[in-house]
There are 2 protein chains.
Amino acid sequence: MADKVTITDVARAAGVSRQTVSNTLNSPEVVRDETRRHVLEVIARLGYRANQAARQMRTGRSRLIAIRIDPGGDGINGSVLDRFLHGLTESAARAGYRILLYTAHDDRSEIATFEDLIASYEPDAFVLTATHHDDLRTSWLLERRVPFVAFGRPWSDLPRTQHPWVDVDGAAGTAAATRHLLAAGHRRVGFVGWPPGSGVGDDRRAGWERTLAEHGLRPDDLHRAGEDGIATGESAARDLLGAGATALVCASDSLALGALNVAGPGVAVTGFDDTPVAGAIGLTSVHQPLGEAAAACVALLTRALDSAEPPATHMLLQPSLTIRRSA
Amino acid sequence: MADKVTITDVARAAGVSRQTVSNTLNSPEVVRDETRRHVLEVIARLGYRANQAARQMRTGRSRLIAIRIDPGGDGINGSVLDRFLHGLTESAARAGYRILLYTAHDDRSEIATFEDLIASYEPDAFVLTATHHDDLRTSWLLERRVPFVAFGRPWSDLPRTQHPWVDVDGAAGTAAATRHLLAAGHRRVGFVGWPPGSGVGDDRRAGWERTLAEHGLRPDDLHRAGEDGIATGESAARDLLGAGATALVCASDSLALGALNVAGPGVAVTGFDDTPVAGAIGLTSVHQPLGEAAAACVALLTRALDSAEPPATHMLLQPSLTIRRSA
DNA sequence: AGGCATGATTTGATCGTTCAAATTGCAGGA
DNA sequence: TCCTGCAATTTGAACGATCAAATCATGCCT
């Protein structure tokens with residue numbers, strides 16, 4: 001590539017030592033004002049930037065954050081992670097970090113990739129996505145004191161699952177959707193979700209249930225569960241409409257799309273994640289502040305890595321409801 | 001992190017020199033069989049992996065490939081780049097490379113990021129996406145001899161735009177869609193695209209036009225253009241159906257979705273990019289082999305970087321048509 | 001005038017791997 | 001027996017930044 005400028009080149013041009021150049025950039029307070037100004041002028045003139053490999057060898061810090069990328073393109077909800085990833089890349093760059101990607105198809109292969117990345121590139125931290133029950137990754141990283149933050153909560157109180165996390169309050173999202181439907185006059189509001197046992201799914205159903213109770217209404221068995229997908233949405237919606245529901249809160253946009261296919265005029269449907277599909281078909285959907293979530297992950301990590309402050313342990317963000325034709 | 005194993009540790013444990021350990025991994029042909037086997041056993045036992053920063057300082061190679069990530073989440077077509085990015089990350093890892101992400105909002109800020117990344121992390125190459133007319137990036141990289149491949153063709157014969165690229169044949173995609181509609185009995189097939197001047201748009205229109213001509217049919221002004229989006233699709237479809245079209249080939253899934261909103265029974269519509277939206281609403285759409293495109297990009301780069309073979313200059317891949325209810 | 005303290009600056013060493021030259025040992029031929 | 005050639009192995013140096021100890025210069029006090 002173009003001829004490289006090193007700290008020795010700058011030192012020579014400025015008539016000072018290498019250390020004075022390094023101090024000018026990293027500990028300016030130990031350099032006399034006049035010297036510092038002169039060195040900065042030479043740095044700017046020569047276009048000097050520090051070589052990260054050399055810095056890393058001496059400091060042990062790569063200023064890299066590693067995250068898995070998923071093949072989400074076949075799914076309606078896949079775009080959630082890309083928006084998060086974009087936000088993460090921007091926030092990290094602002095904090096002086098870069099994002100390193102990897103792929104993995106299960107916990108064990110992801111752990112094998114952790115070992116490889118840690119040994120070769122030495123990322124300063126990991127961001128975990130798609131956390132789940134019995135997630136092997138979190139305890140592996142905790143045991144080895146590898147800094148990380150999860151986008152998604154641990155759904156267990158076990159000590160080995162206590163780790164830094166950022167999440168969006170799913171229950172608050174379905175609560176807002178439910179309130180919106182109640183405000184529109186609906187009294188028999190159904191819920192289409194996933195089988196119990198999924199932390200995220202249980203949380204989203206809790207928001208619907210709790211809000212009905214707050215309005216003196218009973219769920220009355222007006223909830224159905226199944227694997228995420230349009231087909232599940234369709235069959236669950238048929239059942240619920242047959243049972244007298246006039247409005248449906250769905251745990252995902254895939255489920256909501258299926259419900260919409262079945263819903264007649266007057267039936268209100270909401271989804272979750274505010275995906276491009278929701279935008280395309282006019283679906284009211286819970287919007288997660290993914291840019292904010294990404295920024296929060298970087299903030300938690302940089303506080304742990306760069307700051308003397310005690311690390312923050314978690315951050316729960318609030319969603320909003322994007323209102324469209326469907327409700 | 002966990003105690004590090006270095007090449008010196010392995011050498012000591014094996015009773016050989018550092019160079020013999022390095023040779024065992026990188027030039028095994030210069031190490032006696034018996035010695036090599038013994039050293040490999042010690043490497044495995046100690047769990048040694050080379051420190052990439054140290055290697056990079058000596059070889060000048062980071063084994064990183066940098067690519068921009070876009071905030072595609074607000075667009076229906078955004079998922080195209082995520083599937084590509086996932087495929088790229090997997091293919092790169094297979095070839096011994098990792099993917100480094102950055103963001104940029106225009107050519108100039110992207111070039112500023114190039115300068116920063118090149119000086120600090122020294123990526124071995126860049127993958128460019130969203131190439132366009134008067135793209136400043138390609139000439140900047142060519143002038144500095146920075147290795148890169150574009151996912152997308154240069155649409156100009158100017159010497160300064162001759163660079164390695166991988167693309168999917170858009171014209172072949174719309175040709176296949178057009179043939180499919182003709183085979184279904186349609187004779188008045190319209191085209192909904194973008195304003196002339198976009199290389200991608202012009203190419204996709206050419207596929208439709210050429211296929212009609214091959215069947216002795218004339219386009220008859222059965223084409224409309226506008227900014228990508230559902231609204232454009234709707235108004236263009238209205239026009240074309242009014243002009244007698246019974247089928248529509250659209251340059252994107254967004255346009256196709258708009259067209260579908262307007263199309264009555266019996267009107268066939270196809271889109272482009274086979275996005276999750278297409279899957280969700282039952283739209284026949286041209287599918288781009290993004291995993292293959294990603295693998296081709298890595299192949300072109302690794303051939304240029306790691307091989308003595310003369311570099312390949314480009315690769316044009318073939319799409320397929322995913323047939324659903326809409327056509 | 002000399003000694004001491006302190007701010008400012010310099011320089012040797014280090015990080016871990018690869019490069020390249022030097023060294024070693026062994027076999028074959030004169 | 002000695003010399004030469006070559007395969008196998010070793011070791012000093014380099015990559016570029018930071019760390020830390022050493023050095024230098026200046027000012028103040030005795």
Side-chain angles (χ1 to χ4, degrees), chain A residues 1-40 42-43 46-64 96 116 118-122 124 306, chain B residues 1-40 42-43 46-64 96 116 118-122 124 306:
Chain A
M1 299 191 178
D3 40 329
K4 239 188 243 187
V5 179
T6 69
I7 206 162
T8 302
D9 298 327
V10 174
R12 195 174 290 135
V16 295
S17 68
R18 288 172 282 122
Q19 190 55 46
T20 296
V21 180
S22 179
N23 282 340
T24 296
L25 291 168
N26 302 312
S27 307
E29 67 280 2
V30 307
V31 183
R32 199 157 40 96
D33 284 349
E34 182 188 340
T35 305
R36 197 177 62 252
R37 281 196 290 273
H38 169 58
V39 171
L40 284 172
V42 174
I43 286 171
L46 300 185
Y48 168 75
R49 272 192 186 84
N51 179 289
Q52 181 53 46
R55 296 187 79 193
Q56 181 174 344
M57 284 206 57
R58 203 56 189 84
T59 63
R61 302 297 299 284
S62 64
R63 304 201 78 81
L64 293 171
D116 180 51
I118 288 166
S120 51
Y121 286 92
E122 302 178 295
D124 291 342
D306 299 329
Chain B
M1 302 198 175
D3 37 330
K4 242 190 239 184
V5 179
T6 70
I7 207 164
T8 301
D9 297 327
V10 175
R12 196 174 289 134
V16 296
S17 68
R18 291 173 280 121
Q19 190 54 47
T20 296
V21 180
S22 179
N23 281 341
T24 297
L25 291 168
N26 302 312
S27 305
E29 68 279 2
V30 308
V31 183
R32 200 156 39 97
D33 284 348
E34 182 190 342
T35 304
R36 194 176 66 253
R37 281 196 291 274
H38 171 58
V39 172
L40 286 172
V42 174
I43 287 170
L46 299 185
Y48 168 75
R49 272 193 185 87
N51 180 289
Q52 181 53 48
R55 296 189 80 194
Q56 180 175 345
M57 284 206 56
R58 201 57 188 79
T59 62
R61 304 294 303 283
S62 64
R63 303 199 80 80
L64 293 171
D116 180 52
I118 288 165
S120 53
Y121 287 92
E122 303 178 293
D124 291 344
D306 299 330

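So that the names make sense, note that chain A is the first sequence line, chain B the second, and so on, each numbered from 1. Hydrogens, waters and symmetry mates are skipped; everything else that's a heavy atom, side chains included, is used.
Listed by residue number, the members of residues 48-58 of chain A with any heavy atom below 4.0 angstrom from DNA chain C are A:M57, A:R58. Using a 4.0 Å cut-off on heavy atoms, the residues of residues 17-30 of chain B that approach DNA chain C are B:R18, B:Q19, B:S22, B:N26, listed by number.
Following rounding to the nearest Å, A:R61 (CZ) and D:dC19 (C1') show an atom-to-atom distance of 16 Å. Atom CG of A:D33 is separated from atom P of C:dT9 by 10 Å (rounded to the nearest Å). In this structure, B:I118 atom CD1 and D:dG16 atom P are separated by 16 Å, rounded to whole Å. Rounded to a whole Å, the CZ atom of B:R32 is 9 Å from the C1' atom of D:dT9. In this structure, A:I7 places its CD1 atom 15 Å from P of D:dC15, rounding to the nearest Å. Counting to the nearest Å, the C1' atom of D:dT9 and the CZ atom of B:R36 are 15 Å from each other.
No side-chain donor-acceptor contact under 3.5 Å links A:T24 to the backbone of A:R36. Of the possible polar contacts, none joining the B:Q52 side chain to the A:A119 backbone as a donor-acceptor pair under 3.5 Å is found. For A:S120 (side chain) and B:N51 (main-chain N/O), no donor-acceptor pair under 3.5 Å exists by modelled atom type. Remark: side-chain polar atoms of A:S27 are not paired, donor with acceptor, to backbone N or O of A:V30 under 3.5 angstrom. The backbone N or O of B:R55 lies less than 3.5 Å from a partner atom in the side chain of B:T59, making a donor-acceptor pair.
Recorded end-axis angle for the helix from C:dA1-D:dT30 to C:dA30-D:dT1 stands at 80°, based on five pairs per end and rounded to 10 degrees.
By the 4.0 Å N-to-carboxylate-O rule, B:D9 lies too far from B:R18 to be salt-bridged with it. Taking 4.0 Å as the cut-off between side-chain N and carboxylate O, B:R63 and B:D124 do not count as a salt-bridged pair.
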Please report the C-alpha distance between B:Y48 and B:L25 in whole Å, then the side-chain angles of each, then the deciding distance to 0.1 Å, and finally whether the side chain to side chain contact (heavy atoms under 4.5 Å, CB included) criterion is met.
CA-CA 11 Å; B:Y48 168 75; B:L25 291 168; 3.6 Å; yes
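We find the CD-CG distance between A:E29 and A:N23 to be 8.0 Å, quoted to the nearest 0.5 Å. Distance check: B:R49 CZ to B:K4 NZ gives 14.0 Å after rounding to the nearest 0.5 Å. For the atom pair A:R12 CZ and A:I7 CD1, the distance stands at 12.5 Å (nearest 0.5 Å).
Dashed line: the shortest gap from a side-chain N or O of A:T6 to OP1 or OP2 of D:dC15 is not under 4.0 Å. Remark: A:T8 is not in phosphate contact with D:dA17, judged by side-chain N or O atoms under 4.0 Å from OP1 or OP2.
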